[in-house]
Amino acid sequence: MTSSRLQSRTQIGIVGAGPAGLMLSHLLARAGIDSVVVDLRSRREIEESHRAGILEQASVDLLVDTGVSDRVHLDGYRHDGIELAFGGGSHRIDFQHLVGASTQLYPQTDVFVDLADARMRDGGDVRFGVTDVSVDGFASDAPVMRFTDADGVGHEIRADFLVGADGSRSLCRSEVPEAARTQYFREYPFAWFGILTQAPPSAPELIYNHSPRGFALISQRTETLQRMYFQCDPSEDAAAWSDDRIWDELQSRVGANGHRLKEGPITSKTVLPFRSFVQEPMHHGRLVLAGDAAHTVPPTGAKGLNLALADVRVLAEELERAVASGDTTPLTTYSARALRRVWKAQHFSYWMTTMLHALPEATPFDVRRQEGELAAVTGSIAGSTFLAEAYTGWPEGR
């Protein structure tokens, strides 16, 4: 590699080629705005990362209506509700009846593939497997993104604006001066033990299971591959659990509420710690943050991917105005608009998490109080509607 870097220019430089970065690039291209997207990971690495699989209706519409792909309708599974299992029984929250909306079971891996294929189809400039990424010059009219591409060639790209869509360990976020940001953080004293199993579905919709032994989530992927989780200690060693022990634990948790799981070979085991995090504002000078780079939520409310897509839908609109005007005022507007939804999602995710999980040092009173809260939600049209509206995405998102 030579010591010099190839110099070029684009309108928007985007760090992070996950769903947020690729969707933003796609939306900008539809508005006639050029972008360059870079990511440290190879395309294959991203495709092999198993992540969330529940899409709000607004997220589905964004994929289909902007011409990314209609595969979400062909290969996805529409869910019109969820089951809340507790206190020895199970109670369905009927989304369609309550709020006239649904969710779609469609893994994030497939969302990424659709977006990556769409950017390739449309001639988008996306560079995977880069190294030595750095960003600076946010206070100038031409911030810069530097990196070395997969062939070892160094690049320096100047842009009108830079976007950090580079995930929860964001390089871009760390470049915002401490005095120019406020960070809000909550760490949870438990994690999820997640498995993939080759088995038929155990239920037609997701089961959110509360029990004295801890939370469990029974999800689906396909007709032959299922995703399931149970609450565990963050320090748990996944390799120390045999398949039989895992099935015993899952069966005991859901069996307390009348469910029986269909078992099969377990092909993947992982422990997933989680936390709540927000950085405000979601911009600094000509640098903007989106998705997990700006905020993370516990997975209980199925909000992470949906928040990222909601961010970039708004950001694309505001960047179009910023490019046209040449100033940063629309970035302030973006931050304010996005944060309203972010904090609603933070509340919902925290509420679902604390209502359903076994809390450390919980007394019998605490467990019975949780069951009372769940009974209040499922036994009330108002309570069930609140959950359904938040889970499927608030009306302004649709």
Side-chain angles (χ1 to χ4, degrees), residues 54 79-99 103 186-195 201-220 227-234 236 246-262 272-276 297-303 344-392:
I54 298 296
H79 284 187
D80 291 334
I82 59 172
E83 294 280 341
L84 292 183
F86 63 94
S90 194
H91 310 262
R92 185 168 185 263
I93 304 295
D94 188 331
F95 298 156
Q96 273 293 319
H97 175 72
L98 292 164
V99 295
T103 58
R186 175 178 289 275
E187 189 166 10
Y188 294 83
F190 37 73
W192 280 4
F193 193 117
I195 67 165
S202 293
E205 296 172 336
L206 273 67
I207 302 171
Y208 284 78
N209 186 88
H210 173 273
S211 80
R213 293 180 65 91
F215 171 76
L217 173 62
I218 309 307
S219 184
Q220 304 83 24
R227 188 72 159 155
M228 303 181 188
Y229 307 89
F230 62 87
Q231 177 184 347
C232 69
D233 189 277
E236 195 66 66
I246 290 170
W247 284 120
D248 286 346
E249 187 63 37
L250 281 166
Q251 296 286 16
S252 67
R253 295 193 187 192
V254 302
N257 297 314
H259 289 283
R260 179 72 186 174
L261 303 176
K262 296 178 181 179
L272 305 168
F274 50 91
R275 62 177 186 163
S276 297
V297 292
T300 324
K303 283 286 166 274
K344 287 167 69 174
Q346 288 288 359
H347 164 67
F348 177 65
S349 300
Y350 174 85
W351 176 65
M352 288 280 284
T353 299
T354 54
M355 179 171 62
L356 288 161
H357 287 71
L359 306 176
E361 301 179 1
T363 67
F365 171 87
D366 297 322
V367 175
R368 294 292 286 147
R369 187 210 59 78
Q370 283 180 311
E371 291 177 351
E373 184 176 12
L374 285 160
V377 170
T378 57
S380 160
I381 293 295
S384 296
T385 300
F386 171 79
L387 192 156
E389 183 178 77
Y391 197 96
T392 59

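Note that the coordinates shown come from a computational prediction; the quantities given were computed from them, not determined experimentally.
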(request) Give me the ring orientation class for Trp351 and Phe348: parallel if the planes are under 30° apart, tilted from 30 to 60°, perpendicular past 60°. (result) tilted

(message) side chain to side chain contact (heavy atoms under 4.5 Å, CB included), that's the test. Do Leu356 and Leu374 meet it? Break it down for me.
(response) CA-CA 8 Å; Leu356 288 161; Leu374 285 160; 3.9 Å; yes

(request) Check the surroundings of atom CZ in Arg368: do more than 12 heavy atoms from other residues, nucleotides or ligands lie under 6.0 Å from it? (result)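 Not buried by this count: 12 neighbours or fewer within 6.0 Å.
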
(message) Counting only heavy atoms from other residues, nucleotides and ligands, does the tally under 6.0 Å from NE2 of His347 exceed 12?
(response) yes

(message) Apply side chain to side chain contact (heavy atoms under 4.5 Å, CB included) to residues His210 and Val367 and explain how you reach the verdict.
(response) CA-CA 10 Å; His210 173 273; Val367 175; 4.2 Å; yes

Are [X] and [Y] side-chain neighbours, meaning at least one heavy-atom pair lies under 4.5 Å?
X: Asn257; Y: Ile207; value: no
X: Ser276; Y: Pro298; value: yes
X: Glu249; Y: Phe193; value: no
X: Gln96; Y: Asp94; value: yes

Closest approach of [X] to [Y] (non-hydrogen atoms, all atoms of both residues):
X: Ser349; Y: Val297; value: OG-CB, 3.8 Å
X: Ile82; Y: Glu205; value: N-OE1, 4.0 Å
X: Lys303; Y: Ala390; value: NZ-O, 2.9 Å
X: Met228; Y: Lys262; value: CE-O, 4.4 Å
X: His259; Y: Ser90; value: NE2-OG, 3.2 Å
X: Gly81; Y: Arg92; value: N-NH2, 3.8 Å

Rounded distance (nearest 0.5 Å) linking atom [atom1] of [X] with atom [atom2] of [Y]:
X: Thr392; Y: Asp80; atom1: OG1; atom2: CG; answer: 10.5 Å
X: Leu261; Y: Gln251; atom1: CG; atom2: CD; answer: 4.0 Å
X: His91; Y: Glu83; atom1: NE2; atom2: CD; answer: 9.0 Å
X: Thr353; Y: Gln231; atom1: OG1; atom2: CD; answer: 10.0 Å
X: Thr300; Y: His357; atom1: OG1; atom2: NE2; answer: 4.5 Å
X: Leu250; Y: Arg213; atom1: CG; atom2: CZ; answer: 10.5 Å

Side-chain donor or acceptor of [X] paired with backbone N/O of [Y] under 3.5 Å:
X: Asn209; Y: Phe215; value: no
X: Asp366; Y: Thr363; value: yes
X: Arg253; Y: Ser211; value: no
X: Glu371; Y: Phe86; value: no
X: Gln370; Y: Ala358; value: no

(request) Please name the residue in the list Tyr229, Trp192, Tyr350 that meets the ring pair (Phe, Tyr, Trp, His ring centres under 6.0 Å) test with Phe274. (result) Trp192

(request) Begin with the C-alpha distance, continue with both residues' side-chain angles, and end with the deciding distance and a verdict on side chain to side chain contact (heavy atoms under 4.5 Å, CB included) for Leu98 and Glu389. (result) CA-CA 8 Å; Leu98 292 164; Glu389 183 178 77; over 6 Å; no

(request) Go through the steps for Thr354 and Tyr188 under the test side-chain hydrogen bond (donor to acceptor under 3.5 Å, both in side chains), then give the verdict. (result) CA-CA 10 Å; Thr354 54; Tyr188 294 83; over 6 Å; no

